[in-house]
Amino acid sequence: MTDSTTGTTGTAGTAGTTGGPRWPVTEAEAVAEQERIRAAADPVGPGPAPGRARRIAGVDVTYDEDSDLLVAAAVVLDAESLEVLEESVHTGRSRFPYIPGLLAFRELPPVLAALEKLGTSPDLVVCDGYGYAHPRRAGLAVHLGVLTGLPCFGVAKSPFVFDHTEPGPRRGDTSPLLDRSSTPAETVGRALRTRPGVRPVFVSAGHGIGLDHACAHTLRLTPRYRLPETTRGADGLSRRVLREIRQGLREPYGAAER
DNA sequence: GCGACAG
DNA sequence: ATCTTGTCGC
């Protein structure tokens with residue numbers, strides 16, 4: 001399989017072991033893929049309201065600073081008690097650099113691998129990043145939702161390229177997240193105060209669930225901390241496992257990796 | 001060309 | 001993302 005041109009044709013790599021999606025290699029290919037993802041996405045929902053999702057998953061990836069090692073984690077919580085029902089991890093290596101706007105191509109291959117290791121599929125997935133709030137409306141949560149068919153939304157820690165005004169001081173206060181580069185300016189998400197006196201998080205719809213339900217779930221997932229328990233769980237697990245690998249307490253790659 | 005830029 | 005201990009405050 002050789003390219004006859006200078007790297008704009010073909011794709012390479014597969015996710016998992018069963019021949020999942022094929023991942024782009026060049027930026028141009030990645031952007032073209034996002035246009036297809038956007039076309040297939042449902043950012044409106046309304047999707048599952050709180051109470052209609054029992055198993056809520058959080059996913060996150062931790063990277064080693066100077067090797068290409070990474071650990072992706074999925075943590076499934078009981079929507080009511082927020083207790084951990086199941087956890088899974090995938091250890092591998094990064095195959096796509098971090099490029100703003102193209103984060104999904106770096107994070108989703110290992111995230112999908114971790115999700116596939118769960119015994120039972122979740123009812124809803126919370127991503128650490130954006131969904132609809134994206135230059136091409138195809139952020140992490142949109143992309144993951146389209147690939148898996150699961151309702152999925154995003155909770156980000158910083159406003160990315162978007163504008164917002166400070167939401168009110170109380171838990172639950174919101175302000176619109178605006179994309180002023182589009183014509184006309186469009187509301188793409190919401191700054192949401194999850195804890196009083198603490199910086200807001202930035203919620204956006206993904207696939208199969210709308211912004212209102214996404215914010216409602218986010219509030220239920222933040223009874224004590226700024227970030228959703230799903231995100232905290234996945235972040236903690238992935239960091240823990242990467243530390244174990246560094247200490248030689250765990251094998252760096254899974255069976256099919258390398 | 002320069003700056004900004006989820007994780 | 002990651003580098004990093006203590007420290008201030010409820």
Side-chain angles (χ1 to χ4, degrees), chain A residues 23 27 30-31 33-34 37-38 41 43 58-75 89-112 114 125-145 152-164 169-171 177-182 188-192 194-207 211 214 218 223-228 230-243 245-246:
Chain A
W23 296 96
E27 285 195 43
V31 169
E33 174 67 5
Q34 287 183 331
I37 293 295
R38 166 175 65 178
V59 293
D60 195 19
V61 184
T62 297
Y63 303 87
D64 187 71
E65 70 173 280
D66 46 23
S67 75
D68 55 1
L69 269 177
L70 61 75
V71 176
V75 172
V89 297
H90 166 84
T91 65
R93 57 196 358 167
S94 56
R95 309 194 180 198
F96 200 93
Y98 170 65
I99 301 172
L102 301 180
L103 177 63
F105 300 98
R106 178 171 174 79
E107 300 228 327
L108 289 192
V111 162
L112 287 167
V125 182
V126 184
C127 285
D128 185 23
Y130 280 108
Y132 185 82
H134 178 274
R136 290 167 292 280
R137 308 295 182 254
L140 207 52
V142 169
H143 205 139
L144 181 59
C152 190
F153 67 92
V155 179
K157 299 181 287 294
S158 69
F160 198 15
V161 296
F162 305 109
D163 297 312
H164 69 100
R170 294 165 313 193
R171 169 171 155 86
L177 189 66
L178 295 175
D179 184 350
R180 294 210 163 115
S181 74
S182 63
V188 293
R190 210 168 276 165
L192 171 64
T194 55
R195 306 297 306 160
V198 174
R199 285 178 301 150
V201 298
F202 303 90
V203 180
S204 59
H207 173 71
L211 187 55
T218 301
R224 176 162 173 145
Y225 298 103
R226 175 188 180 225
L227 297 178
T230 40
T231 298
R232 290 167 45 78
D235 180 72
L237 177 57
S238 61
R239 287 176 189 266
R240 210 146 60 228
V241 170
L242 183 57
R243 180 169 13 96
I245 292 174
R246 286 199 186 104

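Below, chains carry the letters A, B, ... as their sequence lines are ordered, and counting in each starts from 1. What you are looking at is a predicted structure, and each value in this text was computed from that prediction instead of being measured.
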Checklist entry - Mind checking whether A:V59 and A:D128 have side chains closer than 4.5 Å, heavy atoms only? => result no
Next on the checklist: Please tell me if A:R106 has a side-chain N or O lying less than 4.0 Å from either OP1 or OP2 of C:dA1.
Outcome noted: no
Item to check | Protein-nucleotide distance (A:L144, atom CG; B:dG7, atom P), rounded to Å | outcome: 16 Å
Item to check | Spacing of A:L108 atom CG relative to B:dG7 atom C1', expressed in whole Å | outcome: 12 Å
Checklist entry - Considering only heavy atoms from C-beta outward, does the side chain of A:L177 approach that of A:R190 to under 4.5 Å? => result no
Next on the checklist: Once you apply a heavy-atom cut-off of 4.0 Å, does A:G101 come out as touching a base, just sugar-phosphate, or nothing?
Outcome noted: base
Item to check | Distance in angstrom units between A:L103 CG and B:dG7 C1', rounded | outcome: 5 Å
Checklist outcome for this item: To the nearest angstrom, the CZ-C1' distance between A:F160 and B:dA4 comes to 10 Å
Next on the checklist: Distance check needed: B:dA6 C1' versus A:H164 NE2, whole Å only.
Outcome noted: 13 Å
Item to check | Sidechain N-carboxylate O distance under 4.0 Å for A:D179, A:R137 | outcome: yes
Checklist entry - Centroid-to-centroid, A:F153 to A:H207, below 6.0 Å? => result no
Next on the checklist: Side chain of A:E65 only, heavy atoms from C-beta on: which candidate in C:dA1, C:dC3, B:dC5 is closest?
Outcome noted: C:dC3
Item to check | Worked verdict on A:H143 versus A:F105 for ring pair (Phe, Tyr, Trp, His ring centres under 6.0 Å) | outcome: CA-CA 9 Å; A:H143 205 139; A:F105 300 98; 5.2 Å; yes
Item to check | Integer-rounded Å distance: B:dG7 C1' and A:Y63 OH | outcome: 7 Å
Item to check | B:dA6 phosphate, OP1 or OP2, under 4.0 Å from A:K157 side-chain N/O | outcome: no
Checklist entry - Checking all strands, does A:D64 fall into the base, sugar-phosphate, or nothing category for heavy-atom contacts under 4.0 angstrom? => result nothing
Checklist entry - Given B:dG7, is OP1 or OP2 found less than 4.0 Å from the side-chain N or O atoms of A:S158? => result yes
Checklist entry - With a non-hydrogen cut-off below 4.0 angstrom, is A:L177 in contact with a base, only sugar-phosphate, or nothing? => result nothing
Checklist entry - Under 4.0 angstrom, heavy atoms only, what part of the nucleic acid is A:Y98 near: base, sugar-phosphate, or nothing? => result base
Item to check | Protein-nucleotide distance (A:Y130, atom OH; C:dA1, atom P), rounded to Å | outcome: 13 Å
Item to check | Euclidean distance, atom CZ of residue A:F105 to atom C1' of B:dA6 [Å, nearest integer] | outcome: 14 Å
